[in-house]
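Written below as structure tokens is the structure these notes are about.
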Amino acid sequence: MSRYNVKENEARWQRAWEEVGCFEVEADPAREKYYVLEMFPYPSGRIHMGHLRNYTIGDVVARYKMAQGFNVLHPMGWDAFGLPAENAAMDRGVHPAEWTYANIDAMREQLKTMGLSIDWSREIATCHPGYYRHEQAMFLDFVEQNLAYRKEAWVNWDPVDQTVLANEQVIDGRGWRSGALVEQRKLPQWVFRITAFADDLVDAIESLDRWPDKVRLMQRNWIGRSEGARMFFEIEGRGERLEVFSTRPDTIFGASFCALSPHHPLSEELAERSPDLHAFLKECERLGTSEEAIERAEKRGYDTGLKCINPINGERMPLYIANFVLMEYGTGAIFGVPAHDQRDLEFARKYELAVRPVVLPPSADPASFEVGDEAYVGPGALFNSDFLDGLDVDSAKRKIIERLETLGAGEGTVQYRLRDWGVSRQRYWGCPIPMVHCPDCGLVPVPKEQLPVTLPDDVDLSTPGNPLERHPTWKHTTCPKCGTAAVRETDTFDTFVESSWYFARFCSPRAEGAMDRGEVDYWLPVDQYIGGVEHAVLHLLYARFFTRALKQCGYLGVDEPFAGLFTQGMICHETYKAPDGKWLSPAEVERGGDGGLVDLEGRAVERGRVEKMSKSKKNTIDPTAIIEAYGADTARWFMLSDSPPDRDMEWTEAGVEGAYRFVQRLWRIVDEMLDDLPPAESSPPQALTKAAMDLRRTAHKAVETVTGDVDSFRFNRAVARIYELTNALAAFKPEDAGDRWAQREATEFLVRLIAPMMPHLAETLWARLGHGEMLVNHAWPKADPTLTVEESVTVAVQVNGKLRAKVELPRDAEEAQAQEAALAQPAVRKALGEKAPRKVIVVKNRIVNVVA
RNA sequence: GCGGGCGUGGCGGAACCGGUAGACGCACGGGACUUAAAAUCCCGGUCCUUAUGGAGUGUGGGUUCGAGUCCCACCGCCCGCACCA
């Protein structure tokens with residue numbers, strides 16, 4: 001029996017596609033475009049399973065849309081600046097540029113073995129001056145538009161990476177990359193004014209209807225827009241007013257205390273004269289932001305002894321310093337309304353402060369309503385609130401803000417959790433910030449015609465800190481304005497800056513300017529963006545900001561970069577532990593004689609949980625080894641089988657082998673029928689046998705369902721449908737010419753349906769079926785709607801909701817006919833016994849339920 | 001603590017809008033072919049029960065002629081945020 005030669009065929013088609021250049025595209029206003037983009041990889045040197053899944057999904061979409069006639073842009077590039085290159089330089093003495101470009105070459109080769117429909121003529125690397133020069137120009141435009149500025153700021157300092165991190169990059173008080181505890185330092189920083197678009201960024205989430213709800217919610221929470229009021233409380237005996245922010249100004253009559261953040265300037269001032277308070281502040285700090293501490297977080301406060309005056313009713317109330325008030329949000333001071341805020345309530349109970357309800361739940365009695373252990377945060381009518389009495393919460397908010405404004409005691413305002421994006425990094429391998437510090441003129445932008453400011457090649461990376469800062473000559477220059485000696489900015493950009501606009505550069509990757517307006521107008525936005533959910537906040541938010549900023553500067557015309565977003569799940573694998581407790585890689589484990597697992601020396605191995613692939617647990621699989629052993633089609637097919645693409649999937653050897661068997665099986669099925677098939681493009685015979693009609697129906701139905709499944713990213717279901725068609729085809733035994741014609745039709749459908757998923761096998765089979773032109777240029781199959789409906793249907797018959805029989809009925813049979821057939825069933829009569837049916841429910845083509 | 005999601009055979013998962021639960025695959029068992037093995041092909045399989053029949057989608061209630069699907073409460077797991085005033 002002959003077998004499909006995977007290696008030979010995969011290489012052959014990859015060459016053939018490249019020769020005709022079928023994935024190289026041009027803008028064509030006469031055709032509808034479709035832009036498919038997977039998140040571009042960091043060139044670490046090797047692709048991993050996450051890449052394999054990401055690019056398989058993207059390739060299915062790209063090839064499918066191509067078959068549907070779209071002009072498909074599907075580019076690839078490299079997110080090439082970043083720390084690992086500098087680490088490699090330190091560890092191995094290789095230059096970051098050399099290391100990076102070598103990695104790019106290696107990974108390009110690996111990706112090419114996957115058989116992706118990439119337009120490689122558009123390849124870009126962000127570390128190339130031809131790329132980052134435009135980023136520098138954008139920055140200068142941003143500065144001009146007041147979208148980038150410099151400020152002295154407390155920053156998160158990563159002592160291991162020796163760099164600044166954005167708030168978004170600090171996770172649990174640790175650097176997102178190094179994991180080191182982050183310190184607070186004050187540094188001059190370049191900052192992007194992302195908050196200028198805060199409103200629009202949050203409002204436009206509504207329009208991103210092809211994004212996962214989960215990601216939209218995460219973005220909304222991250223921006224954290226809240227409407228409320230700022231108001232001023234006099235502090236008795238001091239000539240100053242305390243500024244407080246609240247989202248519930250309507251509850252002001254229920255206020256029974258005010259509280260400051262431990263980091264509030266007033267707290268710090270008071271602490272100077274009070275050792276007790278000083279100790280309390282220290283204690284709050286020690287509580288820190290660690291998860292464990294917050295879990296035990298008990299509301300605690302320190303009574304300053306000072307009194308504040310409620311600006312609305314003149315009431316005196318105590319001023320506390322409380323551990324649950326954040327300096328970073330609002331004004332760092334609150335007024336507490338225990339009846340309507342859970343934290344305030346817990347605080348009030350502890351310090352025996354008044355709990356006075358001012359919002360009455362809909363059907364509650366004002367005379368008896370009390371708040372117990374739970375604050376009331378729902379809707380209702382105001383009471384105990386003077387001029388607000390009787391109003392609903394929203395009206396009360398409006399009215400109290402009005403009053404505050406006429407009294408000059410406050411105003412309505414909007415607060416965001418989002419803060420501006422600090423982009424300065426004290427790094428070598430990043431894009432230089434094109435600014436000059438002149439002793440006479442101050443900060444002077446590098447004129448655009450002098451761009452790019454390139455990195456020096458000769459750097460010393462042997463010690464931590466910024467190599468550009470200590471380079472002997474690089475930073476010394478002359479002021480572009482006055483010509484006197486000056487120094488360059490030695491900070492480089494956060495690498496999230498490069499990935500904030502690369503999707504736009506792909507539209508015209510070799511353009512003189514950053515982007516050709518005609519090209520970006522044609523191609524943008526990205527129709528389908530695909531990547532890991534780990535970028536749900538940072539990267540996607542930055543790219544959305546950048547797109548708005550670039551629009552404001554006239555680069556492009558869209559607001560949103562990604563019209564559709566799909567986030568894939570992670571790849572998991574079993575873990576293995578040796579007797580000594582060390583993790584073992586799958587390659588170090590084999591099946592022992594008694595069915596258990598043993599290591600290479602024959603010692604028993606403990607089978608661990610299925611976990612996300614990670615180097616630390618040693619449960620990674622190298623995708624290139626899989627492609628080498630089974631071929632790209634097998635790897636792709638298994639990636640798409642079984643698990644829905646947005647969920648985590650488990651990678652198993654048995655699963656890969658199953659996929660490989662399917663590849664061989666398909667080839668064999670086609671191979672065995674080849675000799676007897678009618679020629680390609682034969683016209684259909686006059687009459688077909690029932691068996692042939694059934695096969696046709698199965699095939700057309702498969703086209704219909706697979707199309708729907710691919711459209712909605714349900715690849716696992718599409719795979720199941722394809723298996724069904726394959727099984728039907730394998731079971732089909734043709735007896736006449738008509739049968740063989742139907743067999744060819746079904747086979748060709750099958751081959752075309754698998755084409756986006758297993759493109760090499762599909763091309764091979766297509767050619768063997770006698771077609772001269774490559775399948776890659778072929779349209780997606782179309783189902784004949786008259787063939788996708790069955791002539792007869794199986795209808796379930798229930799008695800009192802229990803299944804008793806099944807009857808075969810013509811499609812769309814009349815109710816009376818269905819009822820009659822159902823009642824005639826022996827099993828139904830038996831179940832009814834003596835009783836006469838009280839009622840019969842008939843749902844066409846589905847069910848008959850007899851109620852006794 | 002808040003917000004979101006999920007819970008279906010040995011496993012991954014199907015099940016459109018409330019209408020035959022378990023498609024399809026993996027693993028497993030049996031058989032055919034083979035000197036033998038691999039490969040391949042055929043058959044089987046939620047559980048209890050003797051066929052009949054009964055139970056069954058995390059648990060307990062409810063709505064309905066009918067619930068994996070809707071509602072309420074609870075249990076468990078996962079993700080996000082970190083007291084956001």
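In what follows, chains are A, B, ... by sequence order, proteins preceding strands, each numbered from 1.
No option in A/Leu242, A/Leu281, A/Val325 other than A/Leu242 meets the side-chain contact (heavy atoms from CB on, under 4.5 Å) test with A/His264.
A pairwise comparison of heavy atoms in A/Ile401 and A/Gly412 identifies CG2-N, 3.4 Å as the closest pair.
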Full working for ring-ring contact (aromatic ring centres under 6.0 Å, His included) between A/Tyr351 and A/Phe257: CA-CA 10 Å; A/Tyr351 295 100; A/Phe257 66 96; 8.8 Å; no

A/Phe662/A/Tyr660 under ring-ring contact (aromatic ring centres under 6.0 Å, His included): CA gap, chis, key distance, verdict: CA-CA 5 Å; A/Phe662 182 64; A/Tyr660 181 72; over 10 Å; no

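A cation-pi contact links A/Arg417 to A/Trp222, judged by a cut-off of 6.0 Å to the six-membered ring centre and 45° from its axis.
Within the 4.0 angstrom heavy-atom criterion, base atoms lie near A/Val325. Nucleic acid contact class of A/Gln798 (heavy atoms, under 4.0 Å, all strands): base. As judged by a 4.0 angstrom heavy-atom cut-off over every strand, A/Lys830 is placed among residues touching the sugar-phosphate backbone only. Looking at heavy-atom distances under 4.0 Å, A/Val843 makes contact with a base. When heavy atoms are screened at a 4.0 angstrom cut-off, A/Arg647 is found touching the sugar-phosphate backbone but no base atom. Using a 4.0 Å heavy-atom criterion, one finds that A/Thr652 contacts no nucleic acid atom at all. Using a 4.0 Å heavy-atom cutoff across all strands shown, A/Asp344 reaches no nucleic acid atom at all.
In this structure, the CG atom of A/Asn800 is 15 Å from the P atom of B/rU64, given to the nearest Å. The distance from atom CG of A/Asn845 to atom C1' of B/rC16 is 14 Å, rounded to the nearest whole Å. Separating the CG atom of A/Asp648 from the C1' atom of B/rC79 is a distance of 10 Å, rounded to the nearest angstrom. The distance between atom CD of A/Gln568 and atom C1' of B/rC79, rounded to the nearest whole Å, is 16 Å. Between the CD atom of A/Glu657 and the C1' atom of B/rC28 there is a distance of 16 Å, given to the nearest Å. Between A/Leu640 atom CG and B/rG12 atom C1' there is a gap of 14 Å when expressed in whole angstrom units. Rounded to a whole Å, the CG atom of A/Asp642 is 13 Å from the P atom of B/rA23. Atom CH2 of A/Trp651 and atom C1' of B/rC11 are 17 Å apart (whole Å).
Taking side-chain N and O atoms only, A/Asn323 has no distance below 4.0 Å to OP1 or OP2 of B/rC83. Considering only side-chain N and O atoms, A/Arg804 lies under 4.0 angstrom from the phosphate OP1 or OP2 of B/rG54. Considering only side-chain N and O atoms, A/Arg668 lies nowhere under 4.0 angstrom from the phosphate OP1 or OP2 of B/rA39. The shortest distance between the side-chain N/O atoms of A/Arg417 and the OP1/OP2 oxygens of B/rA82 is below 4.0 Å.
In this structure B/rU57 sits in no base pair that meets the Watson-Crick or G-U test at under 3.5 Å. Base pairing analysis places B/rG10 opposite B/rC26; the two distances defining the Watson-Crick or G-U wobble pair are each below 3.5 Å. When both pairing distances are held under 3.5 Å, B/rC2 makes a Watson-Crick or G-U pair with B/rG80.
Looking at the side chain of A/Arg665, the nearest of the listed nucleotides B/rA14, B/rC41, B/rA23 is B/rC41. Closest to the A/Ile841 side chain, of the nucleotides B/rG19, B/rA82, B/rG4, is B/rG19. Minimum atom distance to the side chain of A/Trp222 is reached by B/rA82, of the listed B/rA82, B/rG4, B/rA27.
Spacing between B/rG9 and B/rA14 at atom P, rounded to whole Å, works out to 14 Å.
Ranked by how close their nearest RNA chain B nucleotide is to the 5' end, A/Lys839 and A/Arg343 are led by A/Lys839. If you find the closest nucleotide of RNA chain B to A/Ser643 and to A/Asn849, the one lying nearer the 5' end belongs to A/Ser643.
The base of B/rC16 sits with one of its N or O atoms less than 3.5 Å from a complementary donor or acceptor on the side chain of A/Arg846.
With respect to A/Glu346 and A/Arg300, no salt bridge is recorded, no charged nitrogen being found less than 4.0 Å from a carboxylate O.
A distance below 6.0 Å separates the ring centres of A/Phe324 and A/Phe347.
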